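Within every chain, numbering begins at 1; the chains are lettered A, B, ... in the order of the sequence lines, protein sequences first and strands thereafter. All values below were derived from every heavy atom in this structure, side-chain atoms included, with hydrogens, water molecules and symmetry-related copies excluded. All of these numbers come straight from a predicted model, not from anything done at the bench.
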Amino acid sequence: MEFPRPALPLAALSRTSGFVVGALTAALPVAMYAADASSTQTPSIFDPRSTQTTEILAYSTLVLGICAVIFTVVTALIAYAVIRYRARPGDDGREPAQIYGSNPLELAWTVIPVVVVVILALVTARTIVDLQIDERPEGWMPVTAIGHQWWWEFHYPEFGFTTANELHIPLSDSTSGRPTFLTLESADVIHSFWIPRLAGKMDVIPNRTNHAWIAPLETGTYVGQCAEYCGTQHANMLLRVVVQTPEEFERWARAQQRPAVDDPKVADGRATFLKTACINCHTVRGTVATGRFGPDLTHLMSRATIGAGVATNTPANLRAWVQSPDHLKMGARMPAMGLGETDVDGVVDYLITLH
Amino acid sequence: MASIDLPSPGTQASTWTSPGREQWTTVLHSWVTTVDHKRLGILYVGCGLVFLLIGGAEAAMMRFQLFFAQNDLLSPQVFNRFFTMHGTTMVFFVGMPIIIGMGNYLIPIMIGARDMAFPRLNAWGFWMFLFGGLIFYFSYLGGDGLYAAGTAPDVGWFAYAPLTGKAFSRGNSTDYWVLGILISGFGSIAGAINMITTTLSMRCPGMTLGRLPLFVWMMLIVSGLILIALSPLTAAQVMLLFDRFLGAHFFDTQAGGDAVLWQHFFWFFGHPEVYILIIPGFAYASEIIPVFSRKVIFGYPIMVGATCAIGLLSVGVWAHHMFVVGLGKGTAIWFAAITMLVGVPTGIKIFNWVGTMYGGKLHFRLPMLFCTAFLFQFLIAGLTGIMLAAAPFTWQLSDSYFVVAHFHYVLIGGLVFTIFGAIYYWFPKVSGRMVNETLGRWHFWLFTIGFQMTFTTMHVQGLLGMPRRIYTYPAERGWEVWNQITTAGVVFQGVGVLLFVIALIHALRRGEPAGDDPWNAWTLEWSTSSPPPAYNFAEIPEVRSRRPLWDLKHPDDPDWKYE
């Protein structure tokens, strides 16, 4: 598998000298903090796990390094001026020599920054060309991600199923697997797709198709969230990406392809579900429920969270959600259906069979 | 007041008071009907400061909400309204009136004129601004109609389509956002026309363009930018009103409209707007740093040139706000390169200010303290600006707290610090009273420490993947401790601003008399009395250099020999 590999002329420099200088300022405390981030879910950009984000970090470290050098020099100049030239007590009160300017000096601090800018612009151009991929390369796995207020729909055209909020993709390091190529679309307003450790941002815009790609280097669960303000529950439009080995991913995808479980023990709950307005918005494959406005529930219980990450997917939380979505996620588009206690129990019993 | 005696409203002998005791209604009437540029300047800055307190309180509420993960102090709706109101207030109803007000007060006095070119247009501009601000805040009562008890806009200060469309923003809250800005924008445009005309046609004898104080030069360029930038915003807002009320589909994506079009309009305004707000900060620093270094500004011509360059470049960088919109590689490369180029003239300015300090005798009175902190903070703001211009870096940083940190370093670390410095610098001229140095120093240190706590840490949250405009966040993200430091800084800043208000009130009531020229400065405003008479100068001055008062004080070694 051939990966875009930006052979930046300055990448090596950025990784060594640039990092040392950069570490002195912003990177060090952050990197230290990121070190114990593995125990939490901190989506630090200093802790990349994909080809793209690793390259972004190398480039960013170069930029940080250059900025750190400028910062050090200019701060030193300011500090020197402030300390050296402060008026002393017992000053004779005479005005200092009036210097109106200096052409050589002013030329110097015009030309040197221009040179720095030209170098930086060239490296930037090269990085953009290398890392921005607008068409799906041969063999990459296509996934369509659709942003909704306030959840994510993921459609796998090769497998023919749809899921929500938790994107599963196969591992794709330099030796195995296939990178994922995402087509981003919006069902309503502008959203932005961002998983800091796997993929930089790309906006999700109605009437427009954007692209993102992920070539993940390590299995695990990665968190991200919508990064463009999209209304009331923008904060709870969370994203989880599960990177699996190609075999695990294949197994997961095959399971997702199957129609919904039809457990006769929960026939009452199922009947309630199918005769209320639930089916206007939700799909459960193999039933009359074919709505598209809300998440596909065919394999609801294969997901770890509900409400786009607002709560863990436990029967208690599911019940609270069905009874009153507002309670868990104020302003959520799903209305409370006003079901009686028994009906709620029945629907939840049915939902928890949807493995 | 020797030679002129025109008994028209608002032209009393002094800016502040008339001789004798008057009915408060008479005083109020004289302020409401005034066309005196100084009184209008005071009104602009005063209203701006009141809005600053309101916008600051909104920010503080948001910070308290974010102190804990999963906090429920504010509901999402209230939080979203606060950040919309905060951002819009700070840009349009704090930044704009204060910079226009300072220009209003100072430009005529600095160029030896008796008023602005269009005094009544000036008054009209102020009242349009205030009317816009009041309409904007009336949304809290009238947004969804009084029956719904009102709601403020919740679409963000950038109001991206299609969130502002009828389908997603029902009621009238978004209309209050549009109309408030639209109306105050007319005021800003009037102010800009007035400042340009005044500068070009009202200069006293000898005040060539090459001898304008840097403050006036920079405000001239800012005024030009206001004309260029505000009009597209106004146009786009009218288009949005068409969408909302007349069934047009400019930005209505559900009917084939274009969401990205709004972004181009908005940032074609929005990025020059950043320079409209920060160049006045440069203007204040360019007056204050020389006086308190006791040296002439280093490299006057290149300072003017650099400001022109920033003005020109600023209209060619807007799409760096759109690096993650998916505009294509060529566009991204162009806007990244041009944006980085802005660093060159900006760097020249920083070097020239430091060059002015070199070899000087620095007096760290209040204005200079704030300007020194400004130099350091603006350096950081500029460098994070370079990082954000680096498009691939911005794929990660865009819409994260890093961006919030960056532009607060620009607008607080850069603009608000220089505004505080400028108010401490010119307050003696405006009121005739000195501000208490001890109170001012407490203000400075508390505000600086609070500012650093709040906004330095925000960079970290951004690098750790925290997006902007979220009212809550999961506890396990590891952002909580950083948010707590950020919020703690707000307390310091709040106390600092309180001390600032106390210092000003204290100075007005018991401040030491300032005299005409308390700082031993060099520009024309210090040649007249404090506060200046209604017509500024009994006799129109005549100047021979950029520092007329230096020439007066050093007849043996005047500036005009060297310029």
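Between chain A and the residues Val354(B), Ile350(B), Leu397(B), Val325(B), the largest count of heavy-atom pairs under 4.5 Å involves Val325(B). The candidate with the highest count of non-hydrogen atom pairs below 4.5 Å against chain A, out of Trp353(B), Tyr160(B), Phe79(B), Tyr473(B), is Tyr160(B). Of the residues considered (Pro345(B), Ala259(B), Ser398(B), Pro290(B)), Ser398(B) shows the highest number of contacts with chain A, using heavy-atom pairs under 4.5 Å. Of the listed residues Trp395(B), Phe323(B), Phe364(B), Phe168(B), the one with more heavy-atom pairs under 4.5 angstrom with chain A than any other is Trp395(B).
No option in Asp188(A), Ile190(A), Ile205(A) other than Ile190(A) meets the side-chain contact (heavy atoms from CB on, under 4.5 Å) test with Pro162(B). Each of Leu131(A), Ile128(A), Asp130(A) was evaluated against Lys329(B); a single residue qualifies, Ile128(A), per the side-chain contact (heavy atoms from CB on, under 4.5 Å) test. When each of Thr127(A), Ile45(A), Thr124(A) is tested with Phe393(B) by the rule side-chain contact (heavy atoms from CB on, under 4.5 Å), just one qualifies, namely Ile45(A).
Tyr229(A) and Phe83(B) have perpendicular rings, their planes meeting at more than 60° on a 0 to 90° scale where under 30° would count as parallel.
Here the CD1-CD1 distance, from Ile297(B) to Ile99(A), works out to 13.5 Å after rounding to the nearest 0.5 Å. For the atom pair CH2 (Trp550(B)) and CD (Gln98(A)), the distance works out to 3.5 Å, reported to the nearest 0.5 Å. Taking OG1 from Thr232(A) and CG from Asn80(B), the interatomic distance works out to 6.0 Å, rounded to the nearest 0.5 Å. Summarising the geometry, atom CZ belonging to Phe71(A) is positioned 4.5 Å from atom CD1 belonging to Ile380(B); distances are rounded to the nearest 0.5 Å. How far CE of Met237(A) is from CD1 of Ile470(B): 13.5 Å, rounded to the nearest 0.5 Å. Separation of atoms CG (Leu107(A)) and CD1 (Ile302(B)) is listed at 8.0 Å; rounding is to 0.5 Å.
Salt-bridge annotation for Asp91(A) and Lys361(B): present, with a side-chain N of the basic residue lying under 4.0 Å from a carboxylate O of the acidic one. Between Arg469(B) and Glu228(A) a salt bridge is recorded (basic side-chain N to carboxylate O distance below 4.0 Å).
Taking the six-membered ring for Trp and the full ring otherwise, the centers of Tyr100(A) and Tyr300(B) sit at least 6.0 Å from each other.
Only the side chain of Gln225(A) comes within less than 4.5 Å of a heavy atom of chain B; its backbone N, CA, C and O stay farther away. The parts of Ala81(A) that come within reach of chain B are both its backbone and its side chain, each placing non-hydrogen atoms under 4.5 angstrom from that chain. Only the side chain of Leu238(A) comes within contact range of chain B, with heavy atoms under 4.5 Å apart. Within the 4.5 angstrom heavy-atom criterion, atoms from both the backbone and the side chain of Ser102(A) approach chain B. Residue contact with chain B, scored on non-hydrogen atoms closer than 4.5 Å, involves the side chain of Ile56(A) exclusively.
A donor-acceptor pair under 3.5 Å links the side-chain atoms of Arg208(A) to the main chain of Gly326(B), judged by distance alone. Without hydrogens or angle criteria, Asn207(A) side chain to Gly257(B) main chain gives a donor-acceptor distance under 3.5 Å.
Within 6.0 Å of atom CZ in Arg88(A), more than 12 heavy atoms from other residues, nucleotides or ligands are found, so the atom counts as buried in its surroundings.
Among residues at least two apart or in separate chains, ring-ring contact (aromatic ring centres under 6.0 Å, His included) pairs with a member in residues 101-131 of chain A are Trp109(A)-Phe298(B), Trp109(A)-Phe351(B).
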